[in-house]
Amino acid sequence: RQLNHQHVRRTRVGLEPAKPGTFSSQDMMGHMGGMMSGMPMGHPGERPLITRALEQREQLGLSADQVKALEAARAEFAEDAKRRRADIEAAEQELGALLGEPAVDLGQAEAKVRQIASLQADLRLAQVKTLEKGKAILTAEQRAKLLSEAHAGDGMMSGGGAGEMQ
């Protein structure tokens, strides 16, 4: 419980208006941090592989076990991604508080930026691993059919995004 109260205080500090002459992390990074967590990291408009496979279960001939495994992989990722996005947002808030100080400690700011980048990379890797898990659940024929339909439908291959999954 103590940790939650500390996080709330940090969040409030990070959300307070910046003092004149100071910059927030949002000012410095062009609102990227908040956007990246919800945007697909692949091509615009593409549908995540696992979602497409589930939507096309009849056309692909997925078995009940395959559907169950794909749904479980998607749900597991969604829960993990939710936690990871919360960690990224908390670190962004902390960076905002650091950058809101009259004299920014560049060492602390650099460490926080690197932490955020690492957390974002971890989220992206978790997504890639889930996509690969989803591909492994499909047969070679099902994968080929799914990918060929993606190319025929909108000309884009799916990689999915970290903010919407699979």
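Since the structure is predicted, the reported quantities are computational estimates derived from the model, not experimental observations. When reading the values below, keep in mind they use all heavy atoms of this one structure, side chains included, and skip hydrogens, waters and symmetry mates.
- Between Ala73 and Thr130, the shortest heavy-atom distance links the atoms O-CG2, 3.8 Å.
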List the atom pairs, donor and acceptor, that lie under 3.5 Å between side-chain atoms in residues 53-62 and the rest of the protein, sequence neighbours left out.
residue : atom : partner : partner atom : Å
Glu55   : OE2  : Arg47   : NH2          : 3.0
Arg57   : NE   : Leu54   : O            : 2.9
Arg57   : NH2  : Leu54   : O            : 3.4

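- One distance of note links CG of Leu146 with OG1 of Thr139; it measures 10.5 Å at 0.5 Å rounding.
- Taking the side chain to side chain donor-acceptor pair (under 3.5 Å) definition, one finds that Ser63 meets it with nothing, sequence neighbours left out.
- Note: Leu49 CG to Lys135 NZ = 6.5 Å, rounded to the nearest 0.5 Å.
- In this structure, Ser118 contributes its side chain and Arg114 its backbone to no donor-acceptor pair below 3.5 Å.
- Gln66 and Gln142 share a side-chain donor-acceptor pair at under 3.5 Å.
- A salt bridge does not link Arg84 with Asp87: none of the charged nitrogens is closer than 4.0 Å to a carboxylate oxygen.
- Taking CG of Leu123 as the reference point, atom CD of Gln127 lies at 7.5 Å (rounded to 0.5 Å).
- Pairing each heavy atom of Asp80 with each of Ala126, the nearest pair is OD2-CB, 3.7 Å.
- Contact check for Glu92 versus Ile116: side-chain heavy atoms found under the 4.5 Å cut-off.
- Leu95 is listed as a side-chain neighbour of Val113, based on a closest heavy-atom distance under 4.5 Å.
- Shown here are the salt bridge (charged side-chain N to carboxylate O under 4.0 Å, His left out) partners of Asp122, two or more places apart in sequence or in another chain: there are none.
- No side-chain heavy atom of Ile50 sits less than 4.5 Å from a side-chain heavy atom of Ile137.
- A 4.5 Å side-chain heavy-atom check between Glu89 and Gln93 finds at least one atom pair inside the cut-off.
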